[in-house]
Student: 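Provided herewith is a single structure, encoded as structure tokens, for subsequent inquiry.
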Amino acid sequence: MYLVDNTDKELYNDDTKAHVGQLLANCAPELTSAWGEGGLVNSRTGKYLPGFRDIDDKEVQFRYVADLSYAVADNADATGTIAAGLAEFARQRSQDSIAYYDSDADKLGGIHNAYNQGAEAVGVLTGLADQKSSNNAEENSKGANAAVNIFSDIALTGLSAWSGPAAVAVNSTAGQMIKPAVTTLAKPVIADAVSNATGSEAVEVPTENSERSLWAASVQDAANAGLLDERDFDADNSNTYTWIKENEDGSHSIDLSNTHGAKNREVTDWVNSVQSPDAKRDPNAPKRPRDPTLDKLNDDFKGVRADGRTRGVTEGKNRK
């Protein structure tokens, strides 16, 4: 609140904007809630950002954080850093749901909601970025491109895979398996350095469908929580995908941590194979059933991100 009310944001240089982005990224739980019209509250702890608990109007809370985000939205390092925080929080919330809920249906709903709300939040950020850059074309500014690319990648890989572009401080205990560590960005994500991890510049127009990344992340989380039918991994060509791993007990998991989005299409192809009859299977072998879990993992991320972007565009126009 102090930064919004007591600093001249027109004087921010690029380094300042990047570090404001770092500050906002480390408030990712509150950003996700506020940009989803829930107020500046951490959904994991129930605590508000200091100074905001007594502000009843959630729209006012939204505008405070939108104002500060807009001030730095023309800086790709800032938007990329914010997006990194949003993506890591979505991953953590997905794991929280897996650990917390008892029923498979609730676990799947939690996975979907985590990435869905993250998509909405990054949509707001892209709308602010495009308006700050005076560019109304969808996700055509460098700030918006960086937000989409980095969010999509970290949703799959997690911040721990970004030892170069994003140093992180992790508060964890040995043996944590499902409950995620509390991760804090120790420095901004430098968009120009992202190519070292991903092989492509963060500020370029996204070449991969970002919604496909969120779908792949959802499938990965469901598989690694043991929610998929083990027979899924007998589908045609399953043994050709390097990201499908066999565990010591003979079960299977999915590891997309080193793919940086390059295998998203393969995940979609694999799911389509799982959900389709096996054309090459021995006709005398037992028929592998369609997996209802994959049907329940919705992939409707594009619409909610578009809604978020529309809101971000509107907020950006109000600040011109």
Side-chain angles (χ1 to χ4, degrees), residues 1-32 34-35 40 49 64-90 118 121-135 139-155 157-170 182-198 200-206 210 260 312 315-316 319:
M1 184 181 289
Y2 179 87
L3 278 176
V4 175
D5 291 337
N6 297 281
T7 61
D8 185 350
K9 291 177 284 298
E10 295 301 318
L11 298 179
Y12 287 2
N13 60 26
D14 285 341
D15 187 58
T16 302
K17 290 178 180 180
H19 282 88
V20 170
Q22 178 191 348
L23 172 67
L24 290 166
N26 287 328
C27 298
E30 293 83 4
L31 283 185
T32 300
W35 286 348
L40 281 167
L49 284 181
Y64 260 103
V65 75
D67 193 38
L68 191 56
S69 301
Y70 180 77
V72 303
D74 57 347
N75 180 284
D77 294 342
T79 57
T81 303
I82 296 168
L86 294 173
E88 184 64 15
F89 178 60
V122 83
V124 173
L125 182 59
T126 62
L128 291 170
D130 277 344
Q131 282 302 308
K132 180 70 173 181
S133 299
S134 299
N135 189 336
E139 289 154 14
N140 203 32
S141 67
K142 288 183 178 181
N145 290 343
V148 171
N149 286 329
I150 292 174
F151 178 86
S152 301
D153 195 79
I154 289 180
T157 67
L159 275 172
S160 60
W162 288 58
S163 57
V168 295
V170 180
V182 178
T183 305
T184 302
L185 276 160
K187 67 179 183 182
V189 174
I190 306 303
D192 287 345
V194 169
S195 58
N196 294 333
T198 65
S200 62
E201 293 292 337
V203 297
E204 292 178 350
V205 175
S210 59
H260 296 289
E315 288 297 322
R319 286 162 175 76

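A quick note: this is a predicted structure, and the numbers were derived from the prediction, not measured.
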Student: About how many Å separate CD1 of Ile150 and CG of Asp77, when rounded to the nearest 0.5 Å?
Tutor: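 Going from the CG atom of Asp77 to the CD1 atom of Ile150 covers 8.0 Å.
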
Student: First locate atom CG of Asn145, then atom CG of Asp130, and finally report the distance between them rounded to the nearest 0.5 Å.
Tutor: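 Going from CG on Asn145 over to CG on Asp130, the span is 8.0 Å.
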
Student: Would a distance-only check, ignoring hydrogens and angles, find a side-chain to backbone donor-acceptor pair under 3.5 Å from Asp153 to Asn149?
Tutor: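 Flag not set: sc Asp153 to bb Asn149 has no pair under 3.5 Å.
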
Student: If I compare all heavy atoms of Ala87 with all of Ala155, which pair ends up nearest, and what's the gap?
Tutor: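 Heavy-atom minimum between the residues: CB-N, 3.8 Å.
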
Student: Applying side-chain contact (heavy atoms from CB on, under 4.5 Å), name anything that partners Ala90, two or more places apart in sequence or on another chain.
Tutor: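 side-chain contact (heavy atoms from CB on, under 4.5 Å) list for Ala90, sorted by chain: Tyr115.
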
Student: Which heavy-atom pair separates Gly143 from Ala129 by the least distance, and what is that distance?
Tutor: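 That would be C-CB, 3.9 Å.
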
Student: For the side-chain contact (heavy atoms from CB on, under 4.5 Å) test, which of Thr79, Thr126, Val122, Ile82 pairs with Phe151?
Tutor: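 When Thr79, Thr126, Val122, Ile82 are each tested with Phe151, the side-chain contact (heavy atoms from CB on, under 4.5 Å) holds only for Val122.
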
Student: Which pair of non-hydrogen atoms, one from Gly85 and one from Ala28, has the smallest distance, and what is that distance?
Tutor: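 Shortest heavy-atom separation between Gly85 and Ala28 comes out as O-CB, 3.2 Å.
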
Student: For a 4.5 angstrom cut-off between non-hydrogen side-chain atoms, does Glu315 reach Leu128?
Tutor: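 Yes, at least one pair of side-chain atoms sits under 4.5 Å.
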
Student: At what distance, to the nearest 0.5 angstrom, does CG of Asp74 lie from CG of Asp14?
Tutor: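 Between Asp74 CG and Asp14 CG, I get 7.5 Å after rounding to 0.5 Å.
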
Student: Return the minimal non-hydrogen interatomic distance between Ala71 and Lys17, and the atom names on each side.
Tutor: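 Distance-wise, the nearest heavy atoms are O-CE, 3.6 Å.
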
Student: Would you name the heavy atoms of Gly158 and Glu88 that are closest together and state the gap between them?
Tutor: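 Heavy-atom minimum between the residues: CA-OE1, 3.5 Å.
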
Student: Less than 4.5 Å apart, side chain to side chain, heavy atoms only: is that true for Asp15 and His19?
Tutor: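 Yes - at least one pair of side-chain heavy atoms lies under 4.5 Å apart.
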
Student: Are the side chains of Leu68 and Val20 in contact, using a 4.5 Å heavy-atom criterion?
Tutor: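 They are in side-chain contact.
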
Student: Does some side-chain heavy atom of Leu86 sit less than 4.5 Å from a side-chain heavy atom of Trp35?
Tutor: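 Yes, their side chains come closer than 4.5 Å.
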
Student: Between atom SG of Cys27 and atom CD of Gln22, what is the distance when rounded to the nearest 0.5 Å?
Tutor: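 If we round to the nearest 0.5 Å, Cys27:SG and Gln22:CD are 10.5 Å apart.
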
Student: Minimum heavy-atom separation for Leu125 to Ala83, with atom names?
Tutor: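 It is CD2-N, 4.1 Å.
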
